[in-house]
Engineer: 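Supplied in structure tokens, the structure appears directly below.
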Amino acid sequence: MGPIGLVDGRIIDLSEKIVEMEDRGYQFGDGVYEVTRIYNGRPFALRPHIDRLYHSLRGLRIPGVYTFDELAAFHERLIKESGLTSAAVYLQITRGVAPRYHGFPETTVPRLTMSIRPAKTNTELQASGAKAIYVPDERWLRCDIKSINLLGNILAKQAGKEAGAFEAVQVRGRIVTEGSSSNFFLVKDGVLWTHPVNNLILSGITRTLVIEKLAPQLGLPVIEKEFDRSFAFKADEIFLTGTTTEIMPLVLMDGDRVGDGKPGPVTRKLVAAYDELVAQECGSK
Ligand code: PMP
């Protein structure tokens, strides 16, 4: 019992060697992925994750192959066989194996691999608030596709890590887009601001939950509009959202204190409302 994998429907040990030399995911980063959190042995927000997976697959013209029910069943099998109740499931689909040539192969059999590992909420950091830095957004122009080709994101995250920060927040031109693996929100005069959904950010599932469920529940207006760093500098509060990040207050941005340097009241309410939402869907958090 513990971390395990699943390849095209078959449970495997994570040490098993399964990647073929000419898998296009391995050679080109030609594939897409999703990460779903498991709380209390149940997947959280699985439907929107799988819907986004189909969006990513369509974006790269990789055949869908697996239905929602099949993918949901694979999640259940990983949860059951691993015995893990607080975990994250990683799911990846590549265009499959073909002799190396940039253009798509004539016939493709997409390859699905999945794994499950323990995961937990970083409640200490959520309580204290985290630190982030700004970095230039060097990614491609289809950030709406959750591609496994994450070089821009990796370089950003590493820059953050080297600066002792939890996250690196990317800036394209003058516009603040999103974190290397999270969406970016700020609070100004009781209003939430975040980058609009387009090709420059990933439409985060947690972001959508904040906008469509939690903010209305708390009576918070949301503006989905571009803003620059100087606007973010004047924010009362800043937080990140993501499946594993959940809702993470930022208290230090590029060395400058955010608000009074502690997680603000709006962010703390959102954290509590998120925990409740998880408990409603999964039985407990
Ligand atoms: N943006 C990027 C670049 C990400 O990698 C992630 C993490 N998946 C997010 C945003 C947050 O998305 P979600 O809430 O769906 O996890």
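In each ligand, atom 1 is the first atom listed, and ligand 1 is the first ligand listed.
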Engineer: Does any N or O atom in S203 lie less than 3.5 angstrom from one in ligand 1, N or O only?
Structural biologist: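 So ligand 1 has no N or O lying under 3.5 Å from an N or O of S203.
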
Engineer: Is it true that the side chains of T67 and D69 contain a donor and an acceptor less than 3.5 Å apart?
Structural biologist: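 Note: T67 and D69 side chains miss the donor-acceptor criterion.
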
Engineer: Of the protein's non-hydrogen atoms, which lies at the shortest distance from atom 5 (O) of ligand 1, and what is that distance?
Structural biologist: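 Among all protein heavy atoms, the one nearest atom 5 (O) of ligand 1 is S181 CA, 3.4 Å.
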
Engineer: In this structure, is the centre-to-centre distance between the rings of H195 and F184 below 6.0 Å?
Structural biologist: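 F184 vs H195: aromatic centres not under 6.0 Å.
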
Engineer: Please check if any side-chain donor atom of D13 sits under 3.5 Å from a side-chain acceptor atom of S15, or the reverse.
Structural biologist: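 Yes, S15 and D13 have a side-chain donor paired with an acceptor closer than 3.5 Å.
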
Engineer: Please identify which atoms of ligand 1 are closer than 4.0 Å to at least one heavy atom of G242.
Structural biologist: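 Here the atoms of ligand 1 in question are 11 (C), 14 (O), 16 (O).
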
Engineer: Can you find a non-hydrogen atom of K146 under 4.0 Å from ligand 1?
Structural biologist: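 True for this residue.
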
Engineer: Examine E178 against ligand 1 and note whether any of their N/O atoms are separated by less than 3.5 Å.
Structural biologist: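 Min N/O separation from ligand 1 is below 3.5 Å for E178.
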
Engineer: In this structure, is the centre-to-centre distance between the rings of Y274 and F44 below 6.0 Å?
Structural biologist: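 Between F44 and Y274, the centre distance is under 6.0 Å.
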
Engineer: Among all protein heavy atoms, pick the one closest to atom 12 (O) of ligand 1 and tell me residue, atom and distance.
Structural biologist: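 Of the protein heavy atoms, G204 CA, 3.4 Å lies nearest.
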
Engineer: Establish, from distance only, whether the side-chain atoms of S180 and N153 form a donor-acceptor pair under 3.5 Å.
Structural biologist: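 Short answer, no.
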
Engineer: Among all the protein's non-hydrogen atoms, which is closest to atom 11 (C) of ligand 1, and how far away is it?
Structural biologist: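 For atom 11 (C) of ligand 1, the nearest protein heavy atom is N183 OD1, 3.6 Å.
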
Engineer: Determine whether the side chains of T177 and Q170 contain a donor N or O and an acceptor N or O closer than 3.5 Å.
Structural biologist: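 No.
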
Engineer: Ignoring hydrogens and geometry beyond distance, is a side-chain donor-acceptor pair present between Y39 and K285 at under 3.5 Å?
Structural biologist: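 Their side chains do not contain a donor-acceptor pair, so the 3.5 Å distance test is not met.
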
Engineer: Mind checking whether S180 has a heavy atom under 4.0 Å from ligand 1?
Structural biologist: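 Yes, S180 has a heavy atom closer than 4.0 Å to ligand 1.
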
Engineer: Below 4.0 angstrom from a heavy atom of T243, which ligand 1 atoms are there? Numbered from 1 as shown, please.
Structural biologist: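 Reading through ligand 1 atom by atom, the close ones are 13 (P), 14 (O), 15 (O), 16 (O).
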
Engineer: Side chains of T194 and E224 only: does a donor on one sit below 3.5 Å from an acceptor on the other?
Structural biologist: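 T194 vs E224: no donor-acceptor pair found between side chains.
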
Engineer: What protein heavy atom sits nearest atom 14 (O) of ligand 1, and how far away is it?
Structural biologist: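 Answer, as residue, atom name and distance: T206 OG1, 2.6 Å.
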
Engineer: Would you call V35 a ligand 1 contact, heavy-atom distance under 4.0 Å?
Structural biologist: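 Per 4.0 Å heavy-atom rule, V35 does not contact ligand 1.
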
Engineer: For the residue pair R47 and F68, would you count it as a cation-pi contact if the rule is NZ or CZ under 6.0 angstrom from the ring centre and within 45 degrees of the ring axis?
Structural biologist: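 Yes - R47 lies over the ring of F68, closer than 6.0 Å to its centre and within 45° of its axis.
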
Engineer: For N153 and ligand 1, does the shortest N/O to N/O distance drop below 3.5 Å?
Structural biologist: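 It does not: no N or O of N153 is found under 3.5 Å from an N or O of ligand 1.
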
Engineer: Any atoms of ligand 1 less than 4.0 Å from a non-hydrogen atom of R52? List them with their elements.
Structural biologist: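 With R52 as reference, the close atoms of ligand 1 come out as 12 (O), 13 (P), 15 (O).
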
Engineer: Minimum heavy-atom separation for D236 and V258, please, with both atom names.
Structural biologist: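 Taking D236 first and V258 second, the nearest heavy atoms are O-CG1, 4.1 Å.
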
Engineer: Please classify the T245 to ligand 1 contact at 4.0 Å (heavy-atom distances, strictly less than): side chain, backbone, both or neither.
Structural biologist: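 It is neither part, as no heavy atom is under 4.0 Å.
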
Engineer: If you take the nearest heavy atom of each of S182, A156, C143, which one is closest to atom 9 (C) of ligand 1?
Structural biologist: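 Minimum heavy-atom distance to atom 9 (C) of ligand 1 goes to S182.
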
